[in-house]
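Contents: one structure, followed by commentary.
Source: prediction; values computed, not measured. Lettering follows sequence order; numbering is per chain, from 1. Quick note: numbers below take in every heavy atom, side chains included, and nothing from hydrogens, waters or symmetry partners.
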Number of protein chains: 2
Amino acid sequence: MPKRVDHAERRTEIAEALVRVAGRRGLHAVGMRDVAAEAGVSLRLVQYYFETKEKLLLFGLRHLAERFGERVAARLRAAGDHPGPRAMIEALLMAALPTDEESRTFHHLYTSYAVLAVNDPTLAAQPFIKDPDAAEAALHGLLQQAQESDLLRPGVDSRTEAVGLLAMSAGLGTSILVGQRTPDSATAIFEYHLNRIFGPGPGISAGSASPLP
Amino acid sequence: MPKRVDHAERRTEIAEALVRVAGRRGLHAVGMRDVAAEAGVSLRLVQYYFETKEKLLLFGLRHLAERFGERVAARLRAAGDHPGPRAMIEALLMAALPTDEESRTFHHLYTSYAVLAVNDPTLAAQPFIKDPDAAEAALHGLLQQAQESDLLRPGVDSRTEAVGLLAMSAGLGTSILVGQRTPDSATAIFEYHLNRIFGPGPGISAGSASPLP
DNA sequence: AACGTTGTGATACGAACGTACCACGATGGT
DNA sequence: ACCATCGTGGTACGTTCGTATCACAACGTT
C-alpha cells in the first residue's frame with residue numbers, strides 16, 4: 001500500500017510501543033512480538049526496522065532519555081526565570097520524580113536499563129554517564145547563579161549540593177516507585193533542603209506538603 | 001548417599017549460588033540450570049528444594065536482604081558507641097554504598113528485584129517497604145539521640161534528614177554502580193552533609209576524600 | 001526384613017523466544 | 001514498460017527455558 005516510508009519516524013513509533021508495553025509489563029517481560037502487537041505492525045516489521053532486539057532496546061533507551069530530557073526542559077521553561085533560580089531548581093528536581101504515569105514509566109524503565117548496563121557495557125556510555133553529568137552541570141549552574149546573586153546561605157558548596165540533590169531525587173524516585181513513599185513526602189523533603197540552601201522563601205505550589213505521613 | 005538433609009541449610013546454599021551467579025551475569029540472565037551448576041547440584045535438586053523459580057527468587061531476595069542487614073549491623077557494632085552517634089551514622093550510610101564486591105552485588109541485585117517488584121506485587125512487601133522503613137527508623141533514632149545530646153546544629157529536622165540521607169545513599173549507590181561516580185566522591189558528599197548537620201568534627205577514616213574528581 | 005518416605009539423577013515436554021527464510025505487491029528510476 | 005529495490009506478510013527453525021515425569025538408591029520405622 002504505502003510507497004516510501006520515513007524510517008526514522010517508523011522507528012520512533014516502534015520504540016514508543018516498546019516503552020509503552022515495557023512500562024506496563026516490565027522490560028524483562030517484553031519480547032519482539034509484544035512490541036509488534038503494541039505498535040500494530042507485524043513481527044517482521046520490527047525486525048525490518050531494527051534488525052536485532054539489542055538494537056531495538058538500545059534505540060528505546062536513547063529515545064526514552066531524549067523524551068525525558070525534553071520533558072524536563074519544558075518544565076524548566078514553564079518555570080520561567082521570573083521567580084528566580086529557586087523555582088527552576090524546584091522544577092528540575094520535581095520533574096525527575098515519578099509523579100504521573102509518564103515519569104513513573106521513565107523511572108521504571110530507566111532503572112531497568114541501568115541494571116542491564118551493569119553487565120552490558122554497550123548500554124552504558126551515553127544515557128548513564130553523559131546525561132546525568134549534564135543534569136548535574138545544569139543544577140550546578142543554577143546553584144552557582146543563585147550564589148552569585150547572594151541568594152544562598154553562606155557555606156553552601158554548590159557542586160556538592162547539586163550532586164547530593166540529584167542523588168536524593170533518584171533515591172526518592174525509586175522509593176516512590178516501589179510504593180514505600182508518596183510523591184508528597186518527597187516534595188516536602190525537597191522543600192526542607194531548598195529552605196536550608198536558600199533562605200526561607202515562598203514554598204512549592206503543588207501538593208499538600210504535610211510534614212511527613 | 002546422604003541420609004537426612006537439612007533443608008534450610010541446603011536452600012541457603014542454593015540461594016547463595018543464585019546470588020553469586022546473578023551478581024556475575026545479571027538477575028535477568030539467570031536460569032534454574034545456572035543456579036544448579038553454580039551450586040554444584042543437579043537441576044532436579046533446585047526444583048526439589050524450591051518447587052518453582054518464583055519461590056527461588058523470592059527466597060533469594062529475602063536471603064539477600066537478611067545477609068545485608070547483618071552486614072550493616074556488624075559495621076554498626078564495629079563503629080561502636082565510643083566516638084558518638086556521628087560515627088554510627090557514617091557507618092550506616094557508608095555500609096549501603098557499593099564499595100566492595102559484596103555491597104556491589106547487593107546493590108545490583110536489590111535494584112533488579114526492585115524493578116521486578118514494580119510489576120509483581122508478590123515481591124514488594126517485606127524487603128522494599130519494611131526494611132527501608134527500619135533503616136529509616138534506625139537513622140532517625142541516631143539523629144534524635146545526637147540531637148538530645150545537643151550535637152546537632154539548630155534547625156535540623158532529624159526525620160527529614162534521615163529520609164533524605166538514605167535516599168541520597170541509594171541514589172549515589174546507583175551512580176557508583178553504573179560507573180558515573182566513584183565511591184570516594186560519594187564519601188565526600190556524605191562528609192559535607194554530616195558536617196552541615198553536626199558541627200564540624202573529626203572526618204571519615206576511609207578514602208582520600210578529595211573535593212570532587 | 002519389609003516398606004513407605006526422602007533425596008537424587010536423567011530426561012522429556014511444551015511453550016516462547018529471537019532470528020532467518022521465502023514470497024510477493026508496490027514503487028520509482030530509466 | 002521494465003526491473004531492481006523497498007516494504008511487508010507469513011512462517012519455519014533452532015535454542016532455551018521452566019516444569020513434569022520416570023526411575024531408583026538410601027534411609028527410618030515397624
Side-chain angles (χ1 to χ4, degrees), chain A residues 1-61 109 112-113 115-116 119-120 122-123, chain B residues 1-61 109 112-113 115-116 119-120 122-123:
Chain A
M1 319 114 114
K3 32 181 168 187
R4 236 35 165 227
V5 178
D6 184 346
H7 270 224
E9 185 181 348
R10 194 76 98 137
R11 284 164 64 92
T12 298
E13 282 173 19
I14 295 177
E16 281 178 353
L18 163 67
V19 168
R20 279 197 303 274
V21 66
R24 230 180 300 128
R25 301 211 284 263
L27 189 62
H28 66 285
V30 173
M32 305 278 277
R33 287 164 176 84
D34 303 291
V35 176
E38 175 74 22
V41 300
S42 75
L43 168 61
R44 180 66 181 87
L45 275 228
V46 180
Q47 281 190 266
Y48 183 71
Y49 290 102
F50 304 90
E51 278 137 64
T52 178
K53 187 187 183 182
E54 191 185 351
K55 292 179 182 169
L56 169 61
L57 288 178
L58 202 84
F59 187 87
L61 170 58
L109 296 189
S112 301
Y113 275 113
V115 166
L116 293 186
N119 297 108
D120 180 2
T122 309
L123 279 292
Chain B
M1 312 135 75
K3 32 182 170 187
R4 236 38 164 227
V5 178
D6 184 345
H7 270 225
E9 186 180 347
R10 193 76 99 146
R11 284 163 64 92
T12 298
E13 282 172 20
I14 295 179
E16 280 177 354
L18 162 68
V19 167
R20 280 196 305 273
V21 66
R24 228 180 302 129
R25 300 211 285 261
L27 189 63
H28 67 284
V30 173
M32 306 278 278
R33 287 164 177 85
D34 303 290
V35 176
E38 175 75 20
V41 300
S42 75
L43 168 62
R44 179 66 180 86
L45 277 227
V46 180
Q47 281 189 267
Y48 183 71
Y49 290 102
F50 304 90
E51 278 136 63
T52 178
K53 186 186 184 183
E54 191 185 350
K55 291 178 184 171
L56 168 60
L57 288 177
L58 203 83
F59 186 87
L61 171 58
L109 296 188
S112 301
Y113 275 113
V115 165
L116 292 186
N119 296 107
D120 180 1
T122 309
L123 280 290

Where the side chain of A:Gln47 is defined as all heavy atoms beyond and including C-beta, which of D:dT21, D:dG7, C:dT19 is the nearest nucleotide? C:dT19
Candidate nucleotides D:dG9, D:dG18, C:dC17, ranked by approach to the side chain of A:Lys53 - the nearest: C:dC17
Calculate the interatomic distance between A:Glu51 atom CD and D:dC6 atom P; express it in whole Å. 13 Å
Using the side-chain contact (heavy atoms from CB on, under 4.5 Å) rule, take A:Glu38 and A:Val30 through it: C-alpha gap first, then chi angles, then the decisive distance, then the call. CA-CA 11 Å; A:Glu38 175 74 22; A:Val30 173; over 6 Å; no
Take atom CD of B:Glu54 and atom P of D:dC17, then tell me their distance rounded to the nearest Å. 19 Å
According to a strict under-4.0 Å criterion, is A:Arg10 in side-chain N/O contact with OP1 or OP2 of D:dT8? yes
note: A:Arg44, atom CZ; D:dA12, atom C1'; distance rounded to Å ~ 13 Å
With a 4.5 Å limit on heavy-atom distance, are the side chains of A:Tyr113 and A:Leu57 in contact? yes
Can you check the B:Arg33 CZ to D:dT15 P distance for me, whole Å? 14 Å
Does OP1 or OP2 of D:dT8 have a side-chain N or O of A:Tyr49 closer than 4.0 Å? yes
Between A:Tyr49 (side chain only) and A:Thr12 (backbone N and O only), is there a donor and an acceptor less than 3.5 Å apart? no
Provide, to the nearest angstrom, the distance between the NE2 atom belonging to A:His28 and the P atom belonging to C:dA16. 15 Å
Contact nearer the 5' end of DNA chain D, comparing A:Leu43 with A:Tyr48: A:Tyr48
In whole angstroms, the gap separating P of C:dG7 from CZ of B:Phe50 amounts to 14 Å
So A:Leu27 and A:Leu116, side-chain contact (heavy atoms from CB on, under 4.5 Å) or not? Walk me through it. CA-CA 10 Å; A:Leu27 189 62; A:Leu116 293 186; 4.0 Å; yes
Verify the contact: side-chain N or O of B:Ser42 to OP1 or OP2 of C:dG9, cut-off strictly under 4.0 Å; return yes or no. yes
Roughly how many Å is it from CG in A:Leu45 to C1' in D:dT11, rounded to a whole number? 15 Å
Ignoring backbone atoms, test whether A:Thr52 places a side-chain nitrogen or oxygen under 4.0 Å from the OP1 or OP2 oxygen of C:dG18. no
Atom CE of A:Met32 and atom C1' of D:dT11: how far apart are they, to the nearest Å? 15 Å
If you apply the rule side-chain contact (heavy atoms from CB on, under 4.5 Å), what do you find for A:Val41 with A:Arg10, and how did you get there? CA-CA 10 Å; A:Val41 300; A:Arg10 194 76 98 137; 4.0 Å; yes
Between A:His7 and D:dC6, does any side-chain N or O lie under 4.0 Å from OP1 or OP2? no
